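Read the structure below first, then the notes.
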Amino acid sequence: MAEIQYQGRLHHLQKELMAEYYAALTASAHGSGVPAAYLLIGGNPVELLRAFDILPVFPEVNALQIAVKKQSLPYIQAAEFMGYSSDNCAYVKADIGLYFAGRKTPFATIPEPSLLLCNYVGCNVYMDWFGHLAEYTGRPTFQLDIPFIRTQAGAPSKGDVEYVMRQLERLVERCEEITGRKLDEDRLRESVRLSSLTGELWSKIKHLTKHAPAPYDAYFDSVTMMAPLYCLRGTAQGLAFFETAYAEMTERVAAGQGPLEAERFRFVIEGPPPWPHLRTFRDMFTRWNAVAVASTYSTVGGLWEFGFTHDPDRPMESIACHLLEWNLTNRNFLQRYQQIERYLSEWQAHALVIHSVKSCRLFSAGQGDMREYFAKLGVPTLLIESDLEDPRYFSEAQMRNRIDAFFESAGHRSIAQGAAL
Amino acid sequence: MQMPVIEEHLEEIVERCVQAIETQGFPDAESWKRAVPGRAIVGCFPVYSPVEVFHAAGMLPVGLCGGGNRMEIAHADSRFQSFVCSIVKSTLEQGMTGVLADFDALVFHSICDPARNLASVYRRNFPGKKIEYIHFPQNFEAPEATVYLVREYARVAESMSELTGRSVRAEDLQASIDTYDAVRRLVRQLYAVRSDTPHLLSTRELYSLVRYGYLVPPEEHLEVLTRALAALSERQGRPRDRVRAILVGSFCEQPPIDLIGAIEDAGCYLVDDDFLIGRRWFVGDVSRRSSDPYLALAQSYMDASVSTPVKHDLRVSKSAALVERARRHSADAVIVLCAKFCEPALFEYPLYRRALQDAGIPHIFLEFEEKMWMFDRTRTEIETFVESLLFA
Ligand code: SF4
Ligand code: SF4
């Protein structure tokens with residue numbers, strides 16, 4: 001089955017911008033003098049770093065780039081040789097392997113950190129990861145502790161927000177020490193303003209997949225947009241990218257274009273992608289003319305489509321709220337069920353695919369319960385397992401069989417019921 | 001040699017504890033609850049739980065320790081995948097098979113992602129139980145973290161009070177802290193005896209005495225420990241030629257008691273460990289830290305608690321702390337015994353390994369599962385390790 005590979009302006013612009021971003025990292029590694037801070041994707045205060053001209057480095061993005069290029073295994077094995085377990089998150093192992101291999105990748109040389117900013121937003125592995133980097137690099141570390149969403153109210157308390165804001169003030173002091181500069185409030189407001197516009201556009205783009213056909217695949221094509229969303233958020237280039245993206249996607253809606261020859265199945269997908277086998281995995285859905293109209297993975301770093309925007313008039317507070325409440329990683333597992341339910345109804349999807357990855361227990365631990373919940377609601381639900389970084393956990397034939405069987409039975413069901421699915 | 005009568009007493013005490021531990025279900029807690037209307041039971045998932053707060057609200061905090069090696073997992077493994085540790089599944093299984101039917105509340109903590117998701121799964125599947133989740137602060141350099149933690153304790157206190165109708169007054173909390181402080185003091189004494197004279201108190205015995213406290217009110221535990229210490233003071237014996245080792249990695253899911261016995265029998269004196277570390281969390285008395293009991297608890301957590309893989313205190317290197325501990329206990333070796341699939345434990349190992357190698361302290365790495373019941377392999381591995389040390 002032929003797939004209409006999405007290769008518009010957007011795709012080229014993404015490549016260009018990411019190349020520039022990585023060139024800046026390489027320059028920093030080679031002594032450009034621009035300090036670099038490592039931080040994590042799950043809700044993060046990148047806007048604050050922008051105000052100090054500190055380069056954000058995302059070890060998760062580096063790890064996934066390596067995996068997409070099918071180069072993660074030797075790094076993972078090098079880390080396992082150091083004593084890391086086959087059961088530890090492979091993002092961490094790939095990153096540690098890379099660190100000891102001199103931090104050189106085909107796309108950039110990763111600079112040493114001037115600051116290890118561990119934004120503990122949900123994932124407990126983050127703290128192990130950055131704790132280890134702290135021991136290996138001996139560089140200063142800032143642990144930004146974000147209380148998890150844990151009450152029935154499903155929102156942070158006033159005290160939680162205050163606690164995070166006090167820590168952000170301390171982070172500002174730390175950045176002032178590193179750069180020798182005072183915080184420029186105007187620059188902070190400006191980068192928060194750019195983030196707020198970027199977030200609004202990203203949210204609009206996400207709502208466009210409510211159209212049938214969906215103008216793009218909200219899993220496989222969203223990841224193209226997620227790199228700039230994280231690496232360039234809070235900059236003018238980042239905003240320009242999303243202006244282009246939005247324009248292009250609305251054109252596609254107007255023209256009735258989608259990523260497939262003919263959209264047949266609309267599904268929601270939960271869990272991160274199998275980066276080392278992304279293409280193969282995508283083809284497994286394409287051959288069924290199945291499109292993801294929403295994905296939970298595209299909300300790890302921010303959940304804009306449900307109404308959040310940064311606020312330049314309250315820069316610190318809105319950063320705190322982003323970290324605490326408006327991203328997938330800091331929300332509890334049941335809030336994810338609710339998120340998926342909203343996608344199923346508002347985006348008019350008829351099936352749920354759960355991609356359970358061994359590395360990331362934040363996502364995966366308990367997905368059997370999630371399957372049970374949605375199956376009881378009558379939503380056709382498929383649970384498949386592999387990994388996001390370690391190529392050894394992808395069993396292609398088995399995966400294909402499961403996906404084929406799923407859509408085959410979904411197809412029969414739609415004939416029997418005369419339904420859309 | 002004639003055994004002194006008193007020594008048998010310690011064995012009896014220990015045997016009673018072992019029996020209670022190996023009994024399926026929680027009969028002691030259930031009869032405690034039935035004795036007086038209005039009482040409630042809260043199950044505390046590992047690792048550390050602020051039991052004083054629950055006790056002060058009129059509850060019996062029961063320590064959850066998984067299903068051991070006698071429980072078959074028949075339902076929970078369809079909810080949690082094969083790569084998730086056993087205690088998460090066995091704890092869910094306990095709920096699904098009615099073992100926790102008399103429990104009014106369960107509390108989970110920010111120790112790892114599977115335990116956290118388990119809290120959510122419980123909340124959905126057991127709407128009749130109160131499910132609390134405590135986020136412990138991980139920024140140990142910010143004074144605001146203590147303020148946050150005081151609020152967090154007050155929040156769960158209020159929540160639990162809804163079950164018993166008894167709000168937690170400062171004096172109640174103070175009294176509960178005093179009781180648990182007294183228990184912890186005795187446990188520290190027992191640990192000191194074992195480190196100084198490991199031939200007089202085995203780890204199997206010590207473990208059983210401490211774990212008994214997971215099942216009964218602290219007042220009763222205190223009494224048992226007091227009697228155990230008295231009996232112990234009469235014990236005599238001669239040290240044997242064994243390796244002094246400290247054991248780390250088993251801070252959450254617990255190995256079967258017989259596995260602990262097998263490790264000792266393979267030629268080790270375990271002179272320190274992190275079994276059941278949640279009830280031995282503080283290095284000194286909590287009540288000394290402040291006259292405000294909430295503040296005392298929170299400050300103790302932040303500044304006077306043990307180093308474990310589930311606490312990320314950047315002021316202390318965990319691997320350096322391990323080396324220091326090994327030296328403090330004059331240990332010849334370290335046994336890293338991790339629960340299978342336990343990410344926090346497994347993550348510590350590369351750093352431990354590096355630090356131990358640098359310090360010239362031999363170590364062995366092993367994995368266990370609570371449900372295992374054959375120990376020959378572990379025993380042989382430890383024997384080989386011990387021989388390599390004794391005859392090096
Ligand atoms: S466990 Fe998941 S969220 Fe955490 S570092 Fe690994 S991949 Fe990222
Ligand atoms: S055994 Fe380890 S992974 Fe399992 S719940 Fe305990 S800390 Fe988490």
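Sequence lines set the chain letters: A, B, ... in the order given, protein chains first and strands last, and positions in each chain run from 1. Just the heavy atoms: all of them, side chains too, but no hydrogens, waters or symmetry mates, feed the values below. A quick note: this is a predicted structure, and the numbers were derived from the prediction, not measured.
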- line: Of all heavy-atom pairs linking B/Asn117 and A/Ala365, the shortest is ND2-O, 2.9 Å
query: A/Tyr337 and B/Arg124: side chain to side chain contact (heavy atoms under 4.5 Å, CB included), yes or no, with the steps?
result: CA-CA 11 Å; A/Tyr337 293 17; B/Arg124 177 176 101 70; 3.6 Å; yes
query: Between A/Cys89, A/Ala134, A/Ser86, which has the largest tally of heavy atom pairs under 4.5 Å with chain B?
result: A/Cys89
message: Under 4.0 Å between a side-chain nitrogen and a carboxylate oxygen: does that hold for A/Arg170 and B/Glu144?
response: yes
- request: Could you have a look at A/Ala79, A/Cys118, A/Gly131, A/Gly122 and say which one has the most heavy-atom pairs with chain B under 4.5 angstrom?
  value: A/Gly122
- prompt: Is the closest side-chain heavy-atom distance between B/Glu343 and A/Asp87 below 4.5 Å?
  reply: no
Region of B/Ala145 that comes under 4.5 Å of a non-hydrogen atom in chain A: both
- line: Ordered numerically, the heavy-atom neighbours of chain A under 4.5 Å found in residues 351-361 of chain B are B/Leu351, B/Arg353, B/Arg354
task: Over all heavy atoms of both residues, which pair between B/Phe83 and A/Ser356 is shortest? Give the atoms and the distance, please.
output: CZ-OG, 3.7 Å
- request: Sort by residue number and list every member of residues 150-159 of chain B having a non-hydrogen atom under 4.5 Å from chain A.
  value: B/Arg151, B/Glu152, B/Arg155
- prompt: Does atom CZ of A/Phe81 have more than 12 heavy-atom neighbours, drawn from other residues, nucleotides or ligands, at distances under 6.0 Å?
  reply: no
task: Go through the steps to decide whether B/Val147 and A/Glu162 satisfy the test side chain to side chain contact (heavy atoms under 4.5 Å, CB included), and finish with yes or no.
output: CA-CA 10 Å; B/Val147 180; A/Glu162 272 166 27; over 6 Å; no
- prompt: By a 4.5 Å heavy-atom criterion (distance strictly below it), what part of B/Leu314 contacts chain A: side chain, backbone, both, or neither?
  reply: side chain
- line: Under 4.5 Å to a heavy atom of chain A? For B/Ile111 that would be backbone
task: Taking all heavy atoms of B/Pro350 and all of A/Tyr136, pick out the closest pair and write down the distance.
output: CB-OH, 4.3 Å
- prompt: Where does B/Asp77 contact chain A at under 4.5 Å (heavy atoms): side chain, backbone, both or neither?
  reply: neither
task: Identify which of B/Ala142, B/Ser120, B/Cys342 forms the greatest number of heavy-atom pairs closer than 4.5 Å to chain A.
output: B/Ser120
Toward chain B: residues of residues 141-148 of chain A with heavy atoms under 4.5 Å: A/Thr141, A/Phe142, A/Gln143, A/Asp145, A/Ile146, A/Pro147, A/Phe148
message: Could you go through B/Phe347 and A/His132, starting from their C-alpha distance and side-chain angles, then the distance that decides it, and tell me whether this counts as ring-ring contact (aromatic ring centres under 6.0 Å, His included)?
response: CA-CA 9 Å; B/Phe347 257 123; A/His132 288 213; 5.8 Å; yes
statement: Max heavy-atom pairs within cutoff under 4.5 Å with chain A, candidates B/Lys89, B/Glu141, B/Glu132, B/Gln138, goes to B/Gln138
- prompt: So, B/Asp113 side chain and A/Asn124 main chain: donor-acceptor pair closer than 3.5 Å or not?
  reply: yes
message: Working note: B/Ser78 + A/Glu372, criterion side-chain hydrogen bond (donor to acceptor under 3.5 Å, both in side chains); need CA distance, chi angles, decisive distance, verdict.
response: CA-CA 9 Å; B/Ser78 70; A/Glu372 153 97 14; 5.6 Å; no
Sequence-distant partners of B/Ser110, side-chain contact (heavy atoms from CB on, under 4.5 Å), two or more places apart: A/Tyr120, B/Tyr133, B/His135, B/Phe136
query: What do the steps show when you test B/Val121 against A/Met370 for side chain to side chain contact (heavy atoms under 4.5 Å, CB included), and what is the final call?
result: CA-CA 9 Å; B/Val121 170; A/Met370 178 189 280; over 6 Å; no
message: I'd like to know whether CD of A/Gln398 has more than 12 heavy-atom contacts from other residues, nucleotides or ligands below 6.0 angstrom.
response: no
- request: Go through the atoms of A/Phe130 and report whether side chain, backbone, both or neither lie under 4.5 Å from a heavy atom of chain B.
  value: neither
field: Expected output: side-chain A/Arg361 to main-chain B/Cys112 donor-acceptor under 3.5 Å
entry: no
